[in-house]
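One structure, as structure tokens, below. Some questions next.
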Amino acid sequence: MVSIEEFTSLLAAEFEDIDPQTITPATNYREIKNWSSMYALIIIAFVDANYDVQLNADNLKNSQTIKDIYDIVLSKQP
Amino acid sequence: MIESLHLCMLMHKFTLYMGVLLNHIATYLPETILTNDDLALQFNTSKEQIFKNTGINKRYVSARGEISSDMVVKAAESLFKDKAIDKSEIDFLIFCSEGFDHKGPATSCLIQNRLGLSTNIACVDLPYGCSGYVYGLGMANAYLMSGMCHKVLFLTGDMATTVIHKDDVELKSIFSDIGTANLITKSSFNQHFIFGTDGSGYTNLIVDHSASRNPQTIEKLQENNMPLGHMKMQSTEIFLFAVKTVPKLVADILKKYEYGIDDVDLFVFHQASYFMLEVIRKKCKIPKDKFFVNIENFGNSVSSTIPVALNDAERQGILKKGMKVMLAGFGIGYSWGATIIEY
């Protein structure tokens, strides 16, 4: 598994229209400017494609920051 | 005795393995088109944002009073006319929709009469959505294989736009009303199907207040004026379901045929949303040039997306007779199904 910093920068690159510099592990992803429900789907797809981890709706409901997502991926990785 | 047994076994083998041949497909598109400009104006957003979220530029909206059966009747009439079909030979009619004329009788009975089809015909309604096209082909295949019928008219048509709340920009941006007519006979191609169901997800995509459970109330009607029901979708849940289920469905149907990705000439899946299709395509490692997507110009027309796409792909010269085409439908239910046809 990559480091939290690399995970954050790879994920930030997936968010078109959002300046990657504004995304850090502590970023509450729902508070990102221009955030829409589409970005939740981008997170799900990114994690699935790159780490073979399927997030569920509860994972998303219970997470706030990019680090929360990273920790879930770590715990679920095969 | 032994010879006749062999003959029986041979015949059994012959009849056991058959597939459907899609002779012709006709499409009916309503006159009204809902563009991204229209939506941007109505919902105070930009057309670029709507396209980014959906990958859709335009959708079709049935006229006021024009219902699913009207659309499929028009599709069937153009099929009969354009392809000079002898409609008296049709002995099985399947109407796939979630918008029927009445609770009873079956709408397919009314369509038989409206199209002037033979009275020596079996008619069924198939109340399915996004997986409905594959289900209909499966039913046609089973009836043809058993000898219960010889020529199938399979109609798909839905009017999703009539059960979307006027303020629901997400659903309005996706769904489209289109009718199709498909004439099907048997082929010698050995066809297989895979179906799956998980009703635990039913609340994530549902037309609520549309039938016996949670029936319509005066209060609800006064609140939203949606007499036919109210479609509600949890898009994240639906996305999770599709991304989890469809790649496995693709792998399973390939395994059943003992094919690899390279053995399939074209992949035509239910056109749910562009983003969802791209995620599925990448996960399945399907090359982009073999993965047909036309949601941009037609939207998500529920059970009609696959025949609309087949028709469009043929018109564009991408789909040719004899090609092996994987079809996959997935969505409301949850329900899913896949097959590979020889076009």
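Note: hydrogens, waters and symmetry copies are ignored here, and every other heavy atom, side chains too, is used. What you see is a predicted model; the values in this text were computed from it and never measured. Chain letters run A, B, ... following the sequence lines, proteins first and then strands; every chain starts at 1.
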Identify the heavy atoms of B/Leu240 and A/Leu55 that sit nearest to each other, and give their distance. CD2-O, 2.7 Å

Could you look at A/Tyr39 and say if it's the side chain, the backbone, both or neither that has a heavy atom under 4.5 Å from chain B? side chain

Let me know if B/Lys283 has heavy atoms under 4.5 Å from chain A in its side chain, its backbone, both or neither. side chain

With a 6.0 Å cut-off (strictly less than), is the heavy-atom count around OH of B/Tyr202, excluding the residue itself, greater than 12? no

Considering residues at least two apart in sequence or located in another chain, which fulfil the side-chain hydrogen bond (donor to acceptor under 3.5 Å, both in side chains) criterion with B/Asp198? B/Ser200

Counting heavy atoms not belonging to B/Glu258, are there more than 12 under 6.0 Å from its CD? no

Roughly how far, to the nearest 0.5 Å, is CD1 of A/Ile44 from NZ of B/Lys244? 12.5 Å

Below 4.5 Å from any heavy atom of chain B, which atoms of A/Ala49 appear? Answer side chain, backbone, both or neither. neither

Minimal non-hydrogen separation, B/Phe275 against A/Leu41, with atom names: CE2-CB, 3.6 Å

Heavy atoms, side chains only, cut-off 4.5 Å: are A/Asp48 and B/Val279 in contact? no

At a 4.5 Å cut-off on heavy atoms, which part of A/Ile42 comes close to chain B: side chain, backbone, both, or neither? both

Do other residues, nucleotides or ligands put more than 12 heavy atoms under 6.0 Å from A/Asp58 CG? yes

Around B/Lys232, counting heavy atoms of other residues, nucleotides and ligands shown, do more than 12 lie under 6.0 Å from its NZ? yes

More than 12 heavy atoms from other groups under 6.0 Å of NZ on B/Lys282: no

